Novice: 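Next up is a structure, given as structure tokens.
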Amino acid sequence: MKNSAAFGTIAWESPANIALVKYWGKHGNQLPQNPSLSMTLSRSVSRTEVNWKPAVGNPVHRFRFEGRENPKFEARVLGYLDKISALMPFLSQNELEINSLNTFPHSSGISSSASFMSSLALCLVDIESILMNQRLAEPEFFRRASTLARLGSGSAARSVYGGFVHWGASEAVAGSSDDYAIPVNGSIHEVFRNFHDAVLITSSQPKPLSSSAGHALMDSNPFAKVRYESARNNIGELMRILGSGDQDAFIHLVEQEALTLHGLILASDGGKILMEPATLEIIRKIREFRTETGLHPSFTLDAGPNVHLLYPDEERAAIKAFIENTLAPICENNRWIDDEVGTGPKRLPVAGCRLPV
Ligand code: PMV
């Protein structure tokens with residue numbers, strides 16, 4: 001059989017991630033204005049399956065989300081496939097049927113674009129290597145997936161790896177690049193290796209500011225230059241902290257990063273307020289609890305109102321009780337998601353595919 005006759009199915013699962021040093025501001029073709037560093041989650045994942053077959057004429061790709069048609073999401077996916085087709089010629093010779101689902105609820109404060117775009121990019125790189133009958137070595141495979149995921153959503157570049165992941169050219173991280181993310185798990189202190197992230201849902205309303213609009217606002221933000229410089233410094237400092245296990249320094253840096261992100265959003269043209277009263281209430285309670293107990297919970301925020309509570313495994317019992325008794329009642333319908341650092345994407349078993357021979 002010729003390569004062009006091959007058809008089949010590939011599926012990948014990819015986790016969401018939470019940035020500790022934030023990416024906020026971009027230029028060119030989805031390139032970051034500053035490096036970022038995140039922790040990949042474990043239970044909050046997207047699962048994406050791609051069926052492909054040779055196209056007769058112009059390919060018509062199709063997308064379904066959680067078993068249903070979703071024209072808005074489909075338009076985004078088709079736009080993405082179009083954008084990367086010059087980099088992946090098989091996309092203009094094959095027709096794709098893409099099905100995806102998330103294990104976490106919508107608007108839960110967990111960025112689904114990162115997990116979805118990462119799972120899709122992994123499927124595409126996998127299909128490409130099957131069609132070309134050329135298996136990439138593992139580092140190249142994931143690097144290519146990270147580059148392609150980045151073109152769909154910047155933070156998706158980081159979801160291609162487990163543990164702690166860095167994206168963006170930085171003097172502090174050898175081998176780093178604006179084009180793709182790299183894992184930085186080599187010298188992580190054990191206190192951070194089993195870190196937890198409890199996502200406290202204060203509002204499940206759609207975000208009033210999309211991340212693309214948010215990144216664009218940085219172009220006219222008067223504090224942009226100083227922000228990009230401080231993020232660069234924070235990467236160096238966070239790398240030191242992750243290696244040394246200095247939890248007090250971690251708390252200080254991560255909370256400062258979260259509040260800086262919202263400070264930038266407040267200070268940008270039109271001044272958006274993305275925090276809710278419950279966001280501030282939860283932050284206050286976390287800080288009070290820390291002072292009273294000497295334990296080490298910290299918070300971070302994405303560009304939205306929900307709070308990510310980060311904490312070490314050894315303090316799990318006390319912090320889980322604190323969440324259940326004190327924080328959950330402040331959340332919308334008592335909702336929170338119990339997640340932790342994870343090992344990264346997985347290829348899922350599928351019915352099989354017919355390989356080119
Ligand atoms: O990947 P995007 O374009 O959705 O931007 C993500 C921006 C933040 O989530 C706020 C920060 C980050 O680094 O993930």
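Bear in mind that the values here come from a model prediction, so they are computed numbers and not experimental data. For ligands, and for the atoms within them, numbers begin at 1 and follow the listed sequence. Excluded from the calculations below are hydrogen atoms, water molecules and symmetry mates; all remaining heavy atoms, backbone and side chain alike, are included.
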Novice: So, regarding Ser36 and ligand 1 (criterion: nitrogen or oxygen to nitrogen or oxygen, under 3.5 Å), is there a contact or not?
Specialist: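 Checking ligand 1 against Ser36, no N or O pair falls under 3.5 Å apart.
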Novice: Just distances here: any N/O of Arg158 and N/O of ligand 1 closer than 3.5 Å?
Specialist: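 Indeed, backbone or side chain, Arg158 has an N or O that close.
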Novice: For atom 8 (C) of ligand 1, grab the closest protein heavy atom and report residue, atom and distance to one decimal in Å.
Specialist: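 Residue, atom and distance for the closest contact: Asp302 OD1, 3.7 Å.
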Novice: For ligand 1, find out whether one of its N or O atoms is nearer than 3.5 Å to an N or O atom of Tyr23.
Specialist: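 Looking only at distances, the answer is yes, because the N/O contact criterion of under 3.5 Å is met.
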Novice: What protein heavy atom lies closest to atom 1 (O) of ligand 1? Include the residue and the distance to one decimal.
Specialist: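 Sorting protein heavy atoms by distance from atom 1 (O) of ligand 1 puts Ser155 OG, 2.6 Å first.
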Novice: Just by distance, with hydrogens left out, do Ser46 and Asn102 show a side-chain donor and acceptor under 3.5 Å apart?
Specialist: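 Judged by distance alone, the side chains do pair up.
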Novice: Under a 4.0 angstrom heavy-atom cut-off, which atoms of ligand 1 come close to Ser153?
Specialist: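 Selected atoms, number and element: 1 (O), 2 (P), 4 (O).
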Novice: Would you say the side-chain atoms of Glu276 and Thr202 include a donor-acceptor pair closer than 3.5 Å?
Specialist: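 No.
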Novice: In this structure, are over 12 heavy atoms from other groups packed under 6.0 Å from His252 atom NE2?
Specialist: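 Count not over threshold, so no.
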Novice: Could you list which atoms of ligand 1 come closer than 4.0 Å to a heavy atom of His215?
Specialist: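 Result: 2 (P), 3 (O), 5 (O).
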Novice: Under the side chain to side chain contact (heavy atoms under 4.5 Å, CB included) rule, collect the residues that match up with Pro35, sequence neighbours excluded.
Specialist: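 His166, Ser170, Arg232, Ile235.
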Novice: Quick check for you: to the nearest 0.5 Å, what is the distance between Phe116 atom CZ and Ser153 atom OG?
Specialist: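 So the CZ of Phe116 and the OG of Ser153 are separated by 10.5 Å.
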Novice: With atoms numbered from 1 as shown, which atoms in ligand 1 lie under 4.0 angstrom from a non-hydrogen atom of Ala19?
Specialist: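 Result: 12 (C), 13 (O), 14 (O).
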Novice: Take every heavy atom of Gln30, measure it against each atom of ligand 1, and state whether any distance is under 4.0 Å.
Specialist: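 Not so, Gln30 does not reach ligand 1.
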Novice: Is the count of non-hydrogen atoms from other residues, nucleotides or ligands lying under 6.0 Å from Glu140 atom CD greater than 12?
Specialist: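 Check passes, neighbour count above 12.
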Novice: Do Ser159 and Ser118 have side-chain N/O donor and acceptor atoms under 3.5 Å apart?
Specialist: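 No, no side-chain donor-acceptor contact under 3.5 Å.
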Novice: N/O to N/O below 3.5 Å, does that happen between Ser111 and ligand 1?
Specialist: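 N/O-N/O distance under 3.5 Å: no.
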Novice: Counting from 1, what ligand 1 atoms have a heavy atom of Gly154 closer than 4.0 Å?
Specialist: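 Going through ligand 1 atom by atom, the ones under 4.0 Å from Gly154 are 1 (O).
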Novice: Specify the protein heavy atom at minimum distance from atom 4 (O) of ligand 1: its residue, its atom name, and the distance to 0.1 Å.
Specialist: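 For atom 4 (O) of ligand 1, the nearest protein heavy atom is Ser211 OG, 2.7 Å.
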Novice: Among Leu309, Ile110, Val341, Ile18, find the residue that satisfies the side chain to side chain contact (heavy atoms under 4.5 Å, CB included) test when tested with Asp197.
Specialist: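 In the set Leu309, Ile110, Val341, Ile18, the residue that makes a side chain to side chain contact (heavy atoms under 4.5 Å, CB included) with Asp197 is Ile18.
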